[in-house]
Structure formats: structure tokens, C-alpha cells
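These numbers were taken from a predicted model, which means no experiment stands behind them.
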Amino acid sequence: MVYTNDFYRCSYKTHVRVSSQPERASFPPRGWNSYDSFCWVVSEVDFLRSAEIISHRLKPYGYEYAVIDYLWYRRDVPGASTDSRGFDVIDEWGRLIPDPVRWPSSKEGRGFTEISKKVHGMGLKFGIHIMRGLSRQAYDANTPILDTTKGGAYEESGRRWRAKDIGIKERSCAWMPHGFMSVNTKLGAGRAFLRSLYEQYAEWGVDFVKHDCVFGDDLDVDEITFVSEVLQKLDRPMLYSLSPGTSASPAMAKDISGLVNMYRVTGDDWDTWGDVAAHFDVARDFAAANKIGAKGLLGRSWPDLDMLPLGRLTDPGSNRGPYRLCNLNLDEQKTQMTLWAMVRSPLMFGGDVRKLDETTYSLITNPFVLEINSFSTNNMEAFSLCYCDEQLIYSQGELHLLASDGMEFCLDASSRQKRTSKELKSSSFSPCRSDANQMWELNNNGSLISSYSGLCATVNSIDANVGNSGVRSWIATGRKGEIYVALFNLNSVKTVISVKTSDMAKVLPGRNFNGTSCHGREVWSGKDFGKIEDLISMEVEVHGCALFVLNCP
């Protein structure tokens, strides 16, 4: 199956709600964010060049947001870093404005207006990263507060209010304590300050705000609630995203998912297997809590597993642009893309699009992955899985069953004669050879049979492990009735993973699979499995996955 670019454009149009104002975030948002490739040192030239490439190569696949990540207001000079103090550019009202050296079009009070016009002219939407509350620099300068309803300084109770009246120093951002602090939203001056920020972003032409240090360990429900109210009243639609999600839980999301359009549910995800594996439990929990595509700010909201650190990258907290390649191997990258798709997480690519290699490009534009991410339903972790975690070595359509204790011993089969249990236990493994008595066939029902002896090796069915090892499975249904089954191998050895088709009925109410055969294809290998009657089974690479598309009459 091949989906053309025109198919994707058509698909999005047919799923837009007709109303005076379209539903926001009808699908998981998709775009590019500068953080993974530039950290905080991205410039106007770098960003616009990246946006231009996105408009040509990624927009046809639904990647429509170009987002500048944090510290666009910080001067890139000696001594400046991610948590330095005194290097930010602010206006007379204590509001952050772009560093004019890195963003020359922002001079003379234009902010990001010129940037957004160019991005919109490319057919994209423009986004920025913002921090919680008030900057420490504005607090130290004790700037006045702008009252946008009057066009002058905010006054109440016979006095003019300033930054030190609204800032809460004790509630500084945990991961940037010298940078930002909460604002007292119970004060009229505090609310006026926040309102002036978002009204300014709307004037700049911003379509997406990534609001940082207000969720997870830094939860600030008051600020999120007020910002959500401001965004509802703006004439300009603006998608509302929260970050990061360290220690986030479905219980925490209960208070805010209806106020936003997407929210991080993990800490920062970088290109390590540990980071990828850590997403399985939290993804399962948010899916089980029915948070995928739940009601959000003037539309829907989506749990966000974070950006995709694929391709050419920089390092977290660095003062440099992209200089290295992703540390995940190809199987691990496929696992990440598959999990993000099955969970319907927003897809925000983080790699350097200026040097986008074909392997990464094919991953992030895979038509099956994008179809699942946009349109699937009933997404959940499911099944008890049958798996053999010994290493399997294929040979002429058959296989050796290899003991994985570091010594290469293979399972022997006797000739067609009876042997005692003591004999089987004492001599079942011997050094690996190419002998016929060490060849075993894997049948569709999950059994291993030796044609040499007629003996069978059974594989026990167990619940999938949790943590960073074991196996996991996800299931979802497609808009044309197809079923998606993803099998993940978190183990450090190749693993044969099997699923009974009859078990799918347990998690898909209304579907009866008794006596029904399905036609199956695996996405990443491209293998057509043909008619599948009882069992879906495949050997999965270390840290890899298998993604099946099943058509079951």
C-alpha cells in the first residue's frame, strides 16, 4: 500500500469539523521543534531555512508546525547558558522579546511578526516556547505591569503595580531557578501581566505555545487555568502545549487535560534506549485512563511522549548546534516511531532537517505509522504474550534453539524413540553444530517441532513483563476496519513473540475472531504473512518491534 501526498491532504480535509471555529487539535499535532538539533542557540537564518525545508518535504505528511524552542530572548554571548542570569532581553513591561542579534527582524519592537509572516507564507504554522510566569530579570528590574485594557501601567488601590508585587520567588522553576518564577494569579496585576504576554504572542502571529515548567514536578494549576482562559478569548487560535511531564500521572492530568491541547507525560526524551523504554509504562497508564484524544481546549488534548530525537542532533543543555547522529540503532528508532504512533502522541521531529537523511525521512513519513497516529481508535496495551527469550538462529527455514547463558549450546532432539525424563534433562543441550537433530521448526500455533525426532518443545504463555525488559504489545483499530498489532521486544536478545488471534476479541468488543482468518502484513519488513488463522508470530530483533496490519473479514 502506498499513500501519496495528495492522500494525506485529502484525509485531513475530510476530518475537519465544520463550525464557526474549527475544533483545535482534532488530530495529534505534528511538526518540528528546534531543541533537539539546536538546543537554545538557533538563529533566524537557521530557523527560516529549516522551515522552508519542512514546508517542502514534511508538510505534505502533516508536519505543519515550526516551533522555536526555549531562550530565544537570551543573548548568545560568553557567560550565557541555560540557567544564567542577566542575559535576557526584555521590554519596558518586563516581557521577553527576541534577542535582536540572533533575530534581526525583531528590531524596532517587531518581535516575531516578520518571522511568523514568512512561516505562514510557507504554508506552515508558527510556534514558540515560553516559560512559567515571570523572568528573574524582570523581577530584578522591578518593571511596571502593562494593563492592555488601558494601554498603560496597571494601577489598582491607588498605586502602580510592578514585577516584585506579583512574582513568587519561592516558586522558581526547579530546572531553571535563576530564570523564572511563578506569578500570583490571585492578584489583578498578576493576571494583567500574563494577559499581556499572550496578547503579544497573538499580535506576533503565534499559532502554538509550548508552556514550560508548569506541569509535572512544577505543576501550577492556577497559571495553566488562567492562561487557558486567556487563550479562549483571543481572536487568534493558538494551540496550547505543556512541558515537561516529569512525574506526571493520569490523576495529575485530570485537572488540566481539558484546559490544554497537548501535555508532556515524561521528562525529556533523548536518543538512549533507556529513555525510549521508560515510555512504555506511562503510555499504558494514560491510554488506560482514556486520555488519548480526550476533551481539551476548544477541541481535544493529547498526552505527549516528547519530541523525536532522530537524525542529526546536538546535546541537552549545550551551547552548540547539531553535530552528531542519533545514538539509537535503526531497530530502536522503529520501536520509538511505532510506540508514538500507537499511543497517538503528537509527533514533533527534533532532528536537523537541513541534513535529513533518507533513512530518518522514511521513518518519520512512513504512511502506516502516520495513518495509525492520526486516525486509529481503541489504542491500548493489550494481550498476554507467548514468547521465547532464547536467541533463535535461522537456517534453511528452520532454526536452532540456543541457550543464552553466554555459552553456545543448542537443544538436541533424539531419534524417534522414547527417552526418560532424566535422560532428556541431562542431555537436552550440547555444543551447537549443523546436525539435523538440532533443527526445530516454529509452527503457527507457537510450538517447536523436530522433524528429526518428532519431539515438540512447548512455549509457555506468560504476562508481558514491566520495566525495561520483557515484551509489550499494543492494539488499535483503523478507520477502515483494519486492526493494528504492535509487538515490542525490550529484551537484550532476539525474541520470538506470538499472539493468539482469539485474544483480540477480549480487547475489541463486538469483534468475533472464532473461526475467522485474517490477512496480515508486517510494516517494517514489508513481509506479507498471507492468511493468519490462529497465531501471529515473529522473531523480533533486540529492542525492536513488529507492526502488523490485519484485515479480518
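None of Asn261, Leu297, Leu259, Val260 except one satisfies the side chain to side chain contact (heavy atoms under 4.5 Å, CB included) rule with Leu231; the exception is Leu297. Checked against Phe126 for a ring-ring contact (aromatic ring centres under 6.0 Å, His included), the options Trp204, Phe112, Tyr65 give a single hit: Phe112.
Side chain to side chain, Asp217 and Thr246 fail the donor-acceptor criterion of an N or O pair below 3.5 Å. A donor-acceptor pair shorter than 3.5 Å cannot be found between the side chains of Asp88 and Ser135. Checking Trp40 against Asn319 by side-chain atom types alone, a donor-acceptor pair falls below 3.5 Å. Between the side chains of Ser34 and Trp72, no donor-acceptor pair of N or O atoms lies under 3.5 Å. The closest side-chain donor-acceptor pair between Arg312 and Ser37, if any, does not fall under 3.5 angstrom.
Residues passing the disulfide (SG to SG under 2.5 Å) test with Cys326, sequence neighbours excluded: none. In terms of the salt bridge (charged side-chain N to carboxylate O under 4.0 Å, His left out) criterion, Lys233 has no residue partners (sequence neighbours excluded). Trp270 is linked by a ring-ring contact (aromatic ring centres under 6.0 Å, His included) to Tyr35, counting only residues two or more places apart in sequence or in another chain. In this structure, Phe193 has no ring-ring contact (aromatic ring centres under 6.0 Å, His included) partners at least two apart in sequence or on a different chain. Residues satisfying the side chain to side chain donor-acceptor pair (under 3.5 Å) criterion with Glu332, sequence neighbours excluded, are His543. Judged as a ring-ring contact (aromatic ring centres under 6.0 Å, His included), and not counting sequence neighbours, Phe38 has no contacts. Evaluation of the salt bridge (charged side-chain N to carboxylate O under 4.0 Å, His left out) rule for Arg195 yields no partner, not counting sequence neighbours. A search for salt bridge (charged side-chain N to carboxylate O under 4.0 Å, His left out) contacts involving Lys291 returns nothing, not counting sequence neighbours. Among residues two or more places apart in sequence or in another chain, the side chain to side chain contact (heavy atoms under 4.5 Å, CB included) test is passed with Glu541 by Asp331, Lys494. Every residue two or more places apart in sequence or in another chain that forms a salt bridge (charged side-chain N to carboxylate O under 4.0 Å, His left out) with Asp207 is listed here: Arg236.
Under 4.0 Å is where a charged nitrogen must lie from a carboxylate oxygen, and between Asp165 and Arg162 no such pair does.
The backbone N or O of Ala25 lies less than 3.5 Å from a partner atom in the side chain of Trp302, making a donor-acceptor pair.
Sorted by first and then second residue, the salt bridge (charged side-chain N to carboxylate O under 4.0 Å, His left out) pairs involving residues 180-192 (not counting sequence neighbours) are Lys186-Asp222. Applying the ring-ring contact (aromatic ring centres under 6.0 Å, His included) definition to pairs two or more places apart or across chains, those involving residues 315-343 are His279-Trp340.
Ile68 is not listed as a side-chain neighbour of His129, based on a closest heavy-atom distance of 4.5 Å or more. A heavy-atom distance below 4.5 Å is found between the side chains of Asn373 and Leu347. Arg354 has its side chain within reach of Ser50: a pair of non-hydrogen atoms, C-beta onward, lies under 4.5 Å apart.
Ring geometry, Tyr61 versus Tyr361: the interplanar angle exceeds 60°, so the pair is classed perpendicular (tilted spans 30 to 60°). The aromatic rings of Phe47 and Trp32 lie tilted to each other, with the angle between the two planes from 30° to 60°.
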Worked verdict on Arg264 versus Ser243 for side-chain hydrogen bond (donor to acceptor under 3.5 Å, both in side chains):
CA-CA 5 Å; Arg264 283 269 299 282; Ser243 176; 3.0 Å; yes

Give the C-alpha distance, both sets of side-chain angles, the deciding distance and a yes or no for salt bridge (Lys or Arg N to Asp or Glu O under 4.0 Å) between Arg324 and Asp271.
CA-CA 11 Å; Arg324 64 177 181 86; Asp271 53 327; 2.7 Å; yes

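Contact detail for Ala287 and Trp474: the closest heavy-atom pair is CB-CH2, 3.6 Å. The two residues Ala248 and Phe215 have their closest heavy-atom pair at CB-CE2, 3.7 Å.
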